[in-house]
Every structure is written in structure tokens, then in C-alpha cells.
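Read the structure below first, then the notes.
Throughout, numbering of the chain's residues begins at 1 and tracks the sequence.
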Amino acid sequence: MTERLCAQPAQPATIRVLLADDQALMRAGFRALLDAEDDLAVVGEAADGASAVELSRRLRPDVVLMDVQMPGLDGIEATRRIAVDPDLAAVRVLILTNYGLDSHVFAALRAGASGFLLKDADPADLLQAVAVVARGDALLAPGITRTLISEFVAGPPPADPAAGRDVLTAREQEIVELVARGLNNDEIAERMVISPLTAKTHVNRAMTKLHCRDRAQLVVWAYESGLITPRRR
């Protein structure tokens, strides 16, 4: 007798989340929201930045929801330590803060964060943000891009405008410029008359060549290198 196995629909992988916030009540709220989803699971909690780094190394979460202001090691430095650790290359950090899109944005993205969200965001926006960051994309809304631009407008020009550009092809430079302007892969594909898959391939190649973890750091590089110049008003 021959056995026949019925194909089962693929189940979505569970996204493992680490919460890092010095307020226990805030962590409890995030845990309740995330654990209510079938494809999300909170695997640990940290009350300060040092614990967030240590738990990231021990638990290897997919996403760390990281508060900015915490006692001792703050969220920005904790993010940087996670980002530079080769053993944590697969860990993504989503910064959460009570503050508006100010200098924390630039500091967080330079440290290696993959996204930035206000704590008063709608629950649906938070859940979507975790999913976006977990799959390796950057949560880079137009508001964040505008903040990055304003930072460079206010600051001094890059010390070496052409630094690093020689490793990119002309097409890759064009792609990076569009990423820095806030376009997603579909929008880039439409603008350049290529497929979204081809656009994604070019973006990934540029990130590899420039040693950028994700699109967020690619945007930072574009402005720091002088590849694009903010439009001054």
C-alpha cells in the first residue's frame, strides 16, 4: 500500500521579538499586542541598553523594539553594539520613542537601526513595522527621509564628497539616489522602466558593496558621500 501525503499550506514563520524599554508598563503593553498575533512572539524583555545587547546575543531575536532613552546604556548605543556584532547580523532594530522625528532619527539610523517609530503610533502601524523590518527592509517613511535631508542641510558639507562612489556602477548610483529620495522598489522600477525584482537586485548589490545593513544606512551613505545634495529652500 502506497502512502499519499497531502500537501499542507506553508505556515508563516514566527517573528521573534525582543522588547527593550525601561518602563515595565510599556513593555507589558507591547507584549500583549504582539503576543496576540499568531506570527509574532515576544522572546524576552530588557529594561536597559546593556541588557538589550546581552539578550540579543543570547536569544537572537529577529527584531528588537528599542527605546531611545534608558538608564545606563541608551538605545542608540545599544543599537550600534548590535549592528557591529557580526554574530547579530540577522538581528534588526526598530527604534521606538516618545519624541518627534528629530535628531534621534539620524543618530539611530547611523547606529544601524532599520526603522524608527513613535510610541503613540497606531497598533496596526507597529505590527506592520515589525513585519517590514523583520523581512530585511527598512521602515523609511517620507517623514524620516525629510528629517535626514534637514540634518544635512543644516550641517557642513561632506569631507570627501566622492568617497566610496567608485565602487558603484552608474546604474547603481542612480538606484541609490532614488532610494535616498524615498522611493520603494516598485516606484524605482516604474521610474527606471525595469522590473521590481531587478530594482531590488540593484539595491542589494549597492548595499553589499557599501557594507550597508539595509536601505536606511544606504540613505545615510547617499547624503554623507554627497551622491545627492539636499534641495535647499
Side-chain angles (χ1 to χ4, degrees), residues 15-23 26-27 30 43-119 129-130 132-141 144-145 147-152 154-156 158-160 163-164 176 179-180 206-225:
I15 299 173
R16 305 171 72 253
V17 181
L18 172 65
L19 304 177
D21 195 299
D22 62 334
Q23 299 182 39
M26 187 66 69
R27 296 197 306 272
F30 287 141
V43 295
E45 298 183 17
D48 56 65
S51 297
V53 175
E54 193 276 329
L55 286 176
S56 293
R57 290 170 177 157
R58 190 199 313 168
L59 301 174
R60 305 296 171 90
D62 300 303
V63 177
V64 180
L65 290 186
M66 184 81 76
D67 187 23
V68 171
Q69 292 195 329
M70 292 185 288
L73 197 71
D74 66 20
I76 303 298
E77 177 60 20
T79 297
R80 188 194 67 78
R81 294 188 186 186
I82 291 172
V84 300
D85 189 333
D87 292 333
L88 302 180
V91 178
R92 296 290 179 260
V93 177
L94 176 59
I95 293 287
L96 291 170
T97 181
N98 288 318
Y99 301 92
L101 298 175
D102 52 20
S103 60
H104 288 301
V105 175
F106 187 65
L109 295 180
R110 291 191 73 173
S114 295
F116 190 95
L117 200 66
L118 296 179
K119 287 184 178 179
V130 171
V132 167
V133 170
R135 68 172 178 252
D137 293 331
L139 187 70
L140 202 60
I144 292 179
T145 302
T147 301
L148 281 171
I149 291 173
S150 68
E151 288 280 347
F152 282 98
D160 184 2
V176 172
V179 171
M207 289 192 296
T208 298
K209 289 182 177 181
L210 297 171
H211 307 290
C212 294
R213 282 169 60 94
D214 53 34
R215 297 170 78 101
Q217 287 198 324
L218 201 60
V219 171
V220 173
W221 177 89
Y223 285 102
E224 285 188 325
S225 68

If you take all heavy atoms of [X] and [Y], which pair is closest and at what distance?
X: Leu18; Y: Pro61; result: CB-CG, 3.8 Å
X: Ala113; Y: Thr79; result: N-CG2, 3.6 Å
X: Ala129; Y: Leu117; result: CB-CD2, 3.9 Å
X: Leu94; Y: Gly115; result: CD1-C, 3.5 Å
X: Leu88; Y: Ile82; result: CB-O, 3.7 Å
X: Ala222; Y: Ala180; result: CB-CB, 3.7 Å

List in chain and number order the residues that pass side chain to side chain contact (heavy atoms under 4.5 Å, CB included) with Glu54, two or more places apart in sequence or in another chain; answer none if no residue qualifies.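 Checked Glu54 against side chain to side chain contact (heavy atoms under 4.5 Å, CB included); matches are Arg58.
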Side chain to side chain contact (heavy atoms under 4.5 Å, CB included) with Ala20: which residues, sequence neighbours excluded?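 With sequence neighbours excluded, Ala20 shows a side chain to side chain contact (heavy atoms under 4.5 Å, CB included) to Ala46, Ala52, Val64, Met66, Met70, given in chain and number order.
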Starting from the C-alpha separation in whole Å, work towards a yes-or-no answer on side-chain contact (heavy atoms from CB on, under 4.5 Å) for Asp74 and Val68. CA-CA 6 Å; Asp74 66 20; Val68 171; 5.7 Å; no
Arg16: partners by side-chain hydrogen bond (donor to acceptor under 3.5 Å, both in side chains), with sequence neighbours left out: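 Expected list: none.
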Could you tell me the separation between the CG atom of Leu218 and the NE2 atom of His211, rounded to the nearest 0.5 Å?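 Between Leu218 CG and His211 NE2, I get 13.0 Å after rounding to 0.5 Å.
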Separation of Gln23 CD from Phe30 CZ (nearest 0.5 Å):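 Atom-to-atom, Phe30:CZ and Gln23:CD are 9.5 Å apart.
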Taking side chain as C-beta onward, heavy atoms only, is [X] less than 4.5 Å from [Y]?
X: Leu65; Y: Val130; result: yes
X: Met26; Y: Leu96; result: no
X: Lys119; Y: Asp21; result: yes

One pair to check against side-chain contact (heavy atoms from CB on, under 4.5 Å): Leu73 and Asp48. What are the steps and the verdict? CA-CA 6 Å; Leu73 197 71; Asp48 56 65; 5.9 Å; no
Give the C-alpha distance, both sets of side-chain angles, the deciding distance and a yes or no for side-chain contact (heavy atoms from CB on, under 4.5 Å) between Val53 and Glu77. CA-CA 10 Å; Val53 175; Glu77 177 60 20; over 6 Å; no
Is there a donor-acceptor pair closer than 3.5 Å between any side-chain N or O of Arg92 and the backbone N or O of Ala134?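 Looks like no, no N/O pair under 3.5 Å.
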Under the salt bridge (Lys or Arg N to Asp or Glu O under 4.0 Å) test against Asp85, which residue among Arg57, Arg60, Arg80 passes?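 Exactly one pass, corresponding to Arg57.
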